[in-house]
Amino acid sequence: MENDPLVRAAVDVRLRAYAPYSRFLVGAAVETVDGRIFAGCNVENAAYPEGTCAEAGAIAAMAAAGGRRIRRVVVCGGLDAPCTPCGGCRQKIREFAAPDTAVIMVSPQGETLLERTLSDLLPDSFGPGSLS
Ligand code: THU
């Protein structure tokens with residue numbers, strides 16, 4: 001396990017994922033520019049489309065606490081292959097993160113599997129500044 005509290009938060013919260021349908025547990029953690037950490041897990045629903053992703057949960061926790069700017073994101077999936085954020089979550093991250101923000105995918109043991117910038121994952125993105 002890397003000695004990084006953001007990685008640990010994502011690894012730990014993954015174990016609290018509610019994913020009885022996919023059985024695919026995901027944890028995510030965001031770090032704000034002022035150093036706070038917020039974590040979220042996927043929460044599925046018997047009405048399948050109503051489930052929410054781990055990243056969405058972490059962002060909601062951040063916003064509820066007044067956080068508005070993300071410095072780093074860590075995503076922890078259950079396989080050896082990196083769990084990259086889905087398309088919708090890439091856009092959700094973009095709302096609060098600059099294109100050069102690091103998005104780090106880790107294993108359940110906390111090892112880095114892949115590191116990208118947000119603009120690698122969502123090039124030529126539409127963001128808050130695109131409206132003005
Ligand atoms: N999932 C996430 O929570 N985050 C991702 O980055 C990819 C997918 C969830 C959604 C669903 O509960 C399960 O993983 C399978 O798609």
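Numbers here are sequence positions counted from 1. Counting starts at 1 for both ligands and their atoms, following the listed order.
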Using a strict 4.0 Å threshold on nitrogen-to-oxygen distance, state whether D120 and R90 make a salt bridge. no
Excluding sequence neighbours, so at least two apart, what forms side-chain hydrogen bond (donor to acceptor under 3.5 Å, both in side chains) with N45? none
Please determine which of P85, C89, C41 meets the side-chain contact (heavy atoms from CB on, under 4.5 Å) test together with C53. C89
When Ile, Leu, Val, Met, Phe, Trp and Tyr are grouped by side-chain heavy atoms lying under 4.5 Å apart, directly or through other members, which residues fall in the same group as F126? L131
Under a 3.5 Å threshold, yes or no: a donor from one side chain and an acceptor from the other, between S22 and E44? yes
Under the 4.5 Å side-chain heavy-atom rule for ILVMFWY, direct or indirect, which residues accompany V33? none
Sort out the contact shell of ligand 1: every protein residue with a heavy-atom distance below 4.0 Å, listed by chain and number. S22, F24, V26, N42, E44, C53, A54, E55, C83, T84, P85, C86
